[in-house]
Amino acid sequence: MPHSTRRIRRARSLAVWFWVGLGVMLLPLFNVAAAALNAQAAIGRNFDAAEEQSARVTVPIVELQSQVLAVPAREAVRNEGAYSRRNLDRAAEEIEATFAGLRDQAAAGQRTWLTVAEADWHRAHAALEELLDQEGRVAREDIDAALEPFLFHQRRASTELRLAAESSLAEQQRLVTAADAARREALTAIAVSIVGGLIVAGLAARRLARHVLTPITALERAADRLGQGELSHRVEVRRRDELGALAAAFNEMAADLERSRDQLTHQALHDPLTELANRALLADRVEHALAGARRRGTSVALLLLDLDGFKTVNDSLGHPVGDRLLAVTAQRIRSGLRAGDTAARLGGDEFAVLLEDIEADLAIEVADRLGAALREPVPLDGAEVALGASIGIALSGGVDTADELLRNADLAMYRAKQGGRGRHELFEAGMHVAAVARMGLEGELRRALEREEFQLVYQPAVDLATGEITGCEALVRWQHPERGLVMPGQFIPLAEETGLVVPLGWWVLDEACRQAQAWRHEHAALGGLVVSVNLSARQLQHPELLARVRQALEGSGVQPGRVVLELTESAIMHDGAVAQRRLEGLKSFGLRLALDDFGTGYSSLSHLQRFPIDILKLDKSFVDPLGTGAGGDVLAAAIVGLSDALGLRTVAEGIERAEQAAVLVELGCRFGQGYHFGRPMGPDQLAARVLEGLRSTV
């Protein structure tokens, strides 16, 4: 871009230099015109000087003649037509004064005339004096006769001088006329030169505009179109000079911008990890597919796929391995589709497939094929990972928008996950009704927290050998004002999804600690009763966990050793490093920690060694086969033995029959809980059971 800018500036400067050159070319013409005008002015000044000089020559002669003639005439009048010596002397003085004045003013051409005039005057004066000496008085006629030679010479000199002056004036006039003609010719030449220069300049400017300014203007227009987003526009390159190179550089820049635009558009519409379409592109294609289906009278299917157990892979093997698994998943999905179908990644481990012109049975076949492909093990870092996917299928019948079709597919996928995962579900209208009800339940759940509609019940935990109640597990119930008692299975999953489980969990912890301390105040025999409280994964990851637990302990006054916090394996696997720090912080308060549902997750043995666990809770799935003769006691025995070897207390869950309790005692498990020992009950009922048991042993 900097090179192109410099070239544009250089091309524009050519026009400026052209006009400067034209001015330099016309400058000599202006100099000629100025010289002609100066010459004409000089000639005019010479003419004025010659005319003045002629006047200075001619006028004194005429004045002298008039004075010579006038003085005798005046004196003659005074003396009654005669001329006396006195008159002559007075006239001579005036004439001599005139000659003196003329000598002071005479130019070089007048001095000869003055010498002759003075000589003539002296001769005339001498003649007059001689006449006066002879007669005393001289008549006018005699004076005129005596002055006649002088006047004759003066008239001739005056005539010659006048003719010379007139000749000089004529020559000066000719020069002035010639100078004026030269001036007019110079002005005409200047006008012709200017007009011609302007014509040449106009032609040159037109050529310059065609060869320089027009390409630059084309570049400017192209740049404007480029700025308006027309990145495909190009400038026609016809020249091989710098402007042609500039146009070529501009086209190259525009091509780079277009490629960058296409790359950014691709990145904006595709997932960078899998190169599949993203949510925005999928929504656009679904809209077009729905419009085409309405015109053709066909159907569109949308499949929504969510990988089962992918979070566990991320937590246990790391995110880089998880990314590789997602890339393999995308490849398998793409390879199982037709050429016109669209595969997309919506985020995380969620994928979508758009099938056009397809019926329900064929869409189900595609879902089966994709499910089977995704269940195939994937070799990663020397291990094989097999997942699977829950798939929701939605058809376009009765659907108007892409959002509606996506919503239906999401509802079907959610139903597939609820049904056991690794399967597919076809959307039905009832799913939307259930989703609306679920949304209403979420609003009611939020209000229930504000209105304190929850209550705790306690399931006793016993010593399997003696049947003595040693503790209890606090379980939450929702006393709905209209629906009655709502069990945890109906609202805890929703609370987990919406995050409401965090404030609900804090309330359960506060209430359980308060109740444990209340039992101690009610009866000394209840002072050793231990209360177990479930801690959700969201609570464990919450930054205020330690502060809230300390607040619950200090606010109730309960001894930390009487409180057990139960966590599932999936909760502590979410972020192992954070979980370990939080668990160690909880242990520092004096609390005991229990690992719930042991044996149902991943990497259980490593967690037992890594995290500060005190109690191992044997999951109900390992307890159910006990006492049936089906051989299920092997796994239970192994877990109990492992717990003893690690110095942990084992608590069996879900004991419903006496045979199960007996087998557990034989296996060495000391503690258990389940319906066989008592269902969850209110705090007063539990206190009565404990006291009753104490009285029966006395």
Please find the pair of heavy atoms, one from [X] and one from [Y], that lie closest to each other, and give the distance.
X	Y	answer
Ala552	Cys513	O-CB, 4.0 Å
Ile333	Leu337	O-CG, 3.2 Å
Arg592	Arg649	NH1-NH1, 3.7 Å

Test item: side-chain donor near acceptor, [X] and [Y], under 3.5 Å:
X	Y	value
Asp403	Thr401	no
His676	Gln660	no
Asp510	Gln551	no
Ser390	Asp308	yes

field: Atom pair CD (Glu584) and CD (Gln580), whose distance is rounded to the nearest 0.5 Å
entry: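 So the CD of Glu584 and the CD of Gln580 are separated by 4.5 Å.
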
Lys587: side-chain hydrogen bond (donor to acceptor under 3.5 Å, both in side chains) partners, not counting sequence neighbours: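 side-chain hydrogen bond (donor to acceptor under 3.5 Å, both in side chains) list for Lys587, sorted by chain: Asp614.
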
- request: Just say parallel, tilted or perpendicular for the rings of His542 and Trp506, cut-offs at 30° and 60°.
  value: perpendicular

query: Under 30°, 30 to 60°, or over 60°: which ring-plane class applies to Phe491 and Phe454, parallel, tilted or perpendicular?
result: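 If you compare the ring of Phe491 with that of Phe454, the planes turn out tilted.
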
statement: From the list Leu545, Leu567, Val563, side chain to side chain contact (heavy atoms under 4.5 Å, CB included) partner of Leu586 resolves to Leu545

- request: Salt-bridge test for Arg483 and Glu444: reply yes if a basic N is under 4.0 Å from a carboxylate O, no otherwise.
  value: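 Looking at Glu444 together with Arg483, the answer is yes, because their closest N to O distance falls below 4.0 Å.
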
message: Can you tell whether the side chains of Glu511 and Arg514 come within less than 4.0 Å, N to carboxylate O?
response: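 Judged by the 4.0 Å cut-off on N to carboxylate O distance, Glu511 and Arg514 do form a salt bridge.
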
Is there a donor-acceptor pair under 3.5 Å between the side chain of [X] and the backbone N or O of [Y]?
X	Y	value
Ser588	Gly585	yes
Arg345	Leu276	no
Arg332	Glu376	yes
Arg670	Ala465	no
Thr568	Ser536	no
Arg562	Leu529	yes
Arg538	Val501	no
Ser335	Gln331	yes

Is any side-chain heavy atom of [X] less than 4.5 Å from a side-chain heavy atom of [Y]?
X	Y	value
Glu666	Asp633	no
Asn534	Glu473	yes
Asp323	Leu326	yes
Asp463	Phe671	yes
Leu307	Phe351	yes
Arg582	Gln539	no

